[in-house]
Each structure stands twice: as structure tokens, then as C-alpha cells.
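Taking it in order: structure first as C-alpha cells, then the write-up.
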2 protein chains.
Amino acid sequence: MESPSEPSWDFYRTFLAVLQHGSLSAAARDLGLTQPTVGRHIDALEKAVGAELFTRSQQGLLPTDAALALKPYAETLANTAAALLRAASGSKDKVSGTVRISASEVIGTEVLPAILAELQAKYPDLIVELSASDTVEDLLQREADIAVRMVAPAQEALLSRHIGTITLGLFAHRSYIERHGKPETREALRRHKLIGFDRQTAYIRMMRKRYSMLDGVSFSFRSDHSIALHNALRAGIGIGFYQMPLARRDASLVHLLPEIELSLDTWVVMHENLKTSPRCRVTFDALVAGLLTYIKGNNAEEPS
Amino acid sequence: MESPSEPSWDFYRTFLAVLQHGSLSAAARDLGLTQPTVGRHIDALEKAVGAELFTRSQQGLLPTDAALALKPYAETLANTAAALLRAASGSKDKVSGTVRISASEVIGTEVLPAILAELQAKYPDLIVELSASDTVEDLLQREADIAVRMVAPAQEALLSRHIGTITLGLFAHRSYIERHGKPETREALRRHKLIGFDRQTAYIRMMRKRYSMLDGVSFSFRSDHSIALHNALRAGIGIGFYQMPLARRDASLVHLLPEIELSLDTWVVMHENLKTSPRCRVTFDALVAGLLTYIKGNNAEEPS
DNA sequence: CAGATGATATACGTAAATGTATGGAATCAC
DNA sequence: GTGATTCCATACATTTACGTATATCATCTG
């Protein structure tokens, strides 16, 4: 069926490693191979697809357009291979093996650890991989098994559970208020230091839409890193949005202008095929339960 | 990073072949390997994932539950690898290489060949793979590059072009009318032989919804194969739905009860990443243009 | 019931893929 | 500028993986 015989699938793995590391040697180190072997793999793949994939130089390999065009396919292969191994890990009946979770930076770093700690205490053989990033990972491409999402799951073949809305309010650290005073009106905000987003990822663009009420306001501290923003706020650099349930845990944070409120609708999503897997099922349920109790903190209003 | 080193990706290919063919020997023939090699691959993979994948017997290998659970992953790998090779085929500027098209059986067998013949006459280096099936192939999983769909494309990351609606009417072959007479009312239909669908695939389920107006009617000839239905109708077995533009080509088909009409909304869909590929671009445009002229046949009503 | 066919498993020689070692060229540090 | 580092390329040795051949068993065929 194939004309001269399909190239080895291992070549794709090597190809991706070279693409990611930028050199034969670095790729070889990562793969546990040697540099000549990696070079041979690339040679063979180039001959198989009939195109130059890299322009060789002594400080590394520069990918050609053809190589960049193939990159997403190679990434899908890697994701799928990893997902296959995850699916194979652990036994069919017991809760064991690896499950990979994707969540936003804030949720992943501030909220999930406690939930997952409890889960792992209950199931000692369960291995959790947590990807805390504001770039949405694709469940259909098996980049993760379970995701906590702030956007409604549009795709079919995904099993999703609606959690509710996480409310965000304006907060500042006590030390900031002591130094700069407390803004009592929306207009007063313009005279304060505001903390906000920098780069535009898909996730942040969605956030910005909800922030539109403050369009005129300019941020004096920007970062595309949610955690950096959180730390800046807690360090007293300025005023920014903060998840209410999180703020309730930290008495040194002051709630400002309580009438300003944003809400993030939240879902837990899993690939349908995984619902028969005990470890995924159990993790899914734990995330749903944990996030529900987390959200409960929204209802109790904090006195300023 | 990996504990003892990831298994070779080639093992997954071998694994899938064994799963599909049901024996080491058959898989070996398909892959261009030998039976001992395939056996070693399976052994190695079983050891790597730590689970039995097949129960060996002398008349073949029976997949275990674990193997079946891994099958979809292996299939995705195969699809992606094939898509990568397709993407790599041909040069960047010229229209050459392979493009894989998915369409329904009727469209794929009756309509597309003419369109694609013209396309290939224009671009002799273009290789077309046509999958004519009523099971929807997933573009996100790279099972095909371009698809002709009868459902609105919900998923993002897909570039789609709306074609319009294909109208279907009730038809019978002239020979059938001569033998059984021509039904003039909807009630009269109950005394006639009707041709319709059998099994329920996702595609057919969607069709059935549109057929609901005829729910009470029972089909006297059923098949899950659209082409078989077409041929049965043309052979004078009975009355069935037929795409109007197709019926206009065959003078021996008689249009019955013209007030009964169904419509299939039609799209041409392609993965967004492929829009820079000349061969996909050109094929996409040709399909859009060809289907638009095909649909034009709807407007001119045929005298019964 | 005998023979053909097709399946897995094992033994063994060979070819292919990998690793080791070395050379040469570019970049960086001091 | 000189030494250290990092990279790719090449030559050579070795291990690994593959194919061939064969044995054995089950099933289908006449």
C-alpha cells in the first residue's frame, strides 16, 4: 500500500525533539540516544518525506518551513503516545496510574493542591500530573485527561460538569491601603496603581471582555503571569482582581468597591472515553466536589 | 524523565496492526515485517505497559480489555502519522501530493468523481484519497483533510464554507410505476413498496429526524448502505428519497408527490492549518465550486 | 481420516541500527 | 588571543533487532 515503506514512527519522536531543543545533541540527551543516531534519524526522515527539514549549522539546526508545518502533527503524536501510556498505567479495577489535569494558573496553584492532596491521601497509588497554565490544553488531542475550564465546553465527546461561578472582586493588601489610602468611588481608582494583564492569550482575551467595565483604566503593573499578579498584589504593589474565595483566606487583603464584581463560570471537563477508567472517574469527582466547596466561599460576603 | 525509557513508537503501529488483523502473521504481512518480529514487538509493548494485551492462541490473538482500551489511542496515532505524511507530500508551492477527502456515500460516489476528475486534469500531480462513508470522519483527529458535511461544523479550528441545501424528493423508476401505478396522495404511499435506511449510524440518525414526517410508513426494503438503496430504487424495487440534482440526470426516474421534500444543508470543511497548503486550498475551492453548480440543479423543477 | 493451510513459538545467522571515538568549526569567556 | 564549550560530521566497533528456517498445534477440506 505504501510506496517504499512508511518511515519509522520513532523518527517523528526524534524529529519533534530536535524541533523542541534546536540541536541534534540536545535532542539526543533528552531522548537518551546519541547525537549520531539522532542525526541519522533526521536524515532518514528527510529522505522519506523528500524535503529538507533543517538547515544544518554548527550552532544548531534551524527548522525549515516544511519542518514547522509538520510540527503540530508531531506534537499530536507525542500527546497521544503519552496519553496511551497514561491510559495503560495502573490496573483496570484499582485506582492507580497517572492522570493528567489541566487548569488555569490561579486554580492550579492556589486551589487544586489542597484538593489533590486529599485525593492522593485516599488513593496512594494515584499519580497526578498537573498542568497549571493559562493556555487552554485540548482534551480532544489528549493533552490532558481532565480540565478545569472557564469557558463552556463546546465540543461533543466531552463529559462536563458545571460547577458554578467564581466571583472576583477588587482587592489590595493592607500595606498598600495604609500608604495610598482607600478608594471609595470608581473615579478614585484612576489615581491608584492597578495591576492587570499584559499579553493576550485566548484565556486572557476572555478575561478582558469581562473587565470591559474598566476599559479607561490603565494598569501600572502588567504581567501575563497570573501568579506574578497575585504576588504583586499581596506585596502591596497595587489594586487588582482576586478570587473571592481565595481572598477570604488572607485577612491582610482588603476588599474595595464591593459593587465591582466579575464572575468566572466554571466547568470540570473530561474525555468521554475516560469515564470507565477508575482513576479518572475518581479524580473527576474529587475535583467537582472540591471546587464546589471552594466556590461556596463566594456567598459569604466579607466585611471591609 | 521517563522511568525506564519510553517504548518505541513503532510498537504502537505494530500493536494496531495486530488489533486490526487479529493475528501476528496477518499483521506482519500488512506491515512488511515477519511474524517473529511482530511477536517481539507485542511482547516488548506488554512488558513496557505492564499488562497483557492479547491472549495467545493458535488460531490468532484475542485482545484483552486493556488492549481494547488502548485501541482509540493507537488509531489516533495512525491517523496523525498518515496526515503528517500527507502534509509533507508535495512541494510547498506547486499543487502536488496527497489530499484526503471525506464525504457521504451518495455525494462521494455520485457527485465528487466528476468534480475531482476535472481537478486532477488541471493538476496532474495531485493525488486524491476519497473516503465515501456515512460515518463522520473527524477532521480534528486528522482522519481526513477536507470533508463534505451535512451537519453544521460546531468545532472551532475548522475552516468551513456553506454551500446551500440539497433538496431530496420521492422518486421511483419508470418500470416500478408501470407495474404498481403512481401514488397521487400521501395515503396511497402506504400501499407501495418503500426503500429506506436500516442501521442507525450518527449520520443516518440525523437523516431520520428529517424523515419524521413519514414516521408511520414502514420500509419494505432496508439497507444501511446508501448505494444499495440507490441501486434498488433504480432497479425498480420501490419508492425512495433521491437527491433532486441526481434525479435530473436520469430520465427514467419519476418524481412523485412533489410536495414532499427534504433538504440537506451542506458544508465543505477543512482544518484551519491546511489553508496555507496549495493542494488543500485548491481542492477546497474546487469542491465548493463543484458542489455549488451541483446544487443549482435543485432550482429547476422537473416535470413529472 | 489424511493432507493442506495457517497459526504461534523457538533457534540461529545476518544485516541494520546504535554507540564510541575523533576531528573540525563556531561561539563564548576571560 | 587562548582555552573551554558546544555544535555537527565522519569512521569504526558492537550490540541490537530482524529475517530465515523449523517445530508444533489447531482447523478446515476433500
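The model shown is predicted, which means the values in this text are computed figures rather than measured ones.
- Here A/His41 lies in heavy-atom contact (under 4.0 Å) with sugar-phosphate atoms only.
- Residue contacts shown for B/Ser23 are limited to sugar-phosphate atoms, with no base heavy atom under 4.0 Å away.
- With hydrogens and angles disregarded, no donor-acceptor distance shorter than 3.5 Å links the side chain of B/Ser131 to the backbone of B/Ile101.
- Listed pair A/Arg40 / C/dA17 fails the phosphate criterion, with no side-chain N or O lying under 4.0 Å from OP1 or OP2.
- For A/Thr34, counting side-chain heavy atoms from C-beta on, the closest listed nucleotide (C/dT8, C/dG19, D/dA9) is C/dG19.
- Here the rule is side chain to side chain contact (heavy atoms under 4.5 Å, CB included) with B/Thr283, and of B/Asp145, B/Leu274, B/Val128, B/Leu119 only B/Leu119 fits it.
- Atom CZ in B/Phe54 sits 7.5 Å away from atom CD in B/Glu46 (nearest 0.5 Å).
- The side chain of B/Arg56 has C/dT8 as its nearest neighbour among C/dT8, C/dT18, D/dC18.
- Between the side chain of B/Gln35 and the base of C/dA7, no donor-acceptor pair of N or O atoms lies under 3.5 Å.
- When the P atom of D/dA9 is taken as reference, atom CZ of A/Phe54 falls 12 Å away, rounded to whole Å.
- The side chain of B/Arg29 places an N or O atom within less than 4.0 Å of a non-bridging phosphate oxygen (OP1 or OP2) of C/dA7.
- Contact between the side-chain N/O atoms of A/Ser25 and the OP1/OP2 oxygens of D/dT6 is not found at any separation under 4.0 Å.
- In this structure, the side chain of A/Asp134 does not engage the main chain of A/Ser104 through any donor-acceptor pair within 3.5 Å.
- Listed candidates were D/dT20, C/dT8, D/dT10. Nearest to the side chain of A/Pro36 is D/dT10.
- In this structure, CG of B/Asp43 is placed 12 Å from P of D/dC18, rounded to the nearest angstrom.
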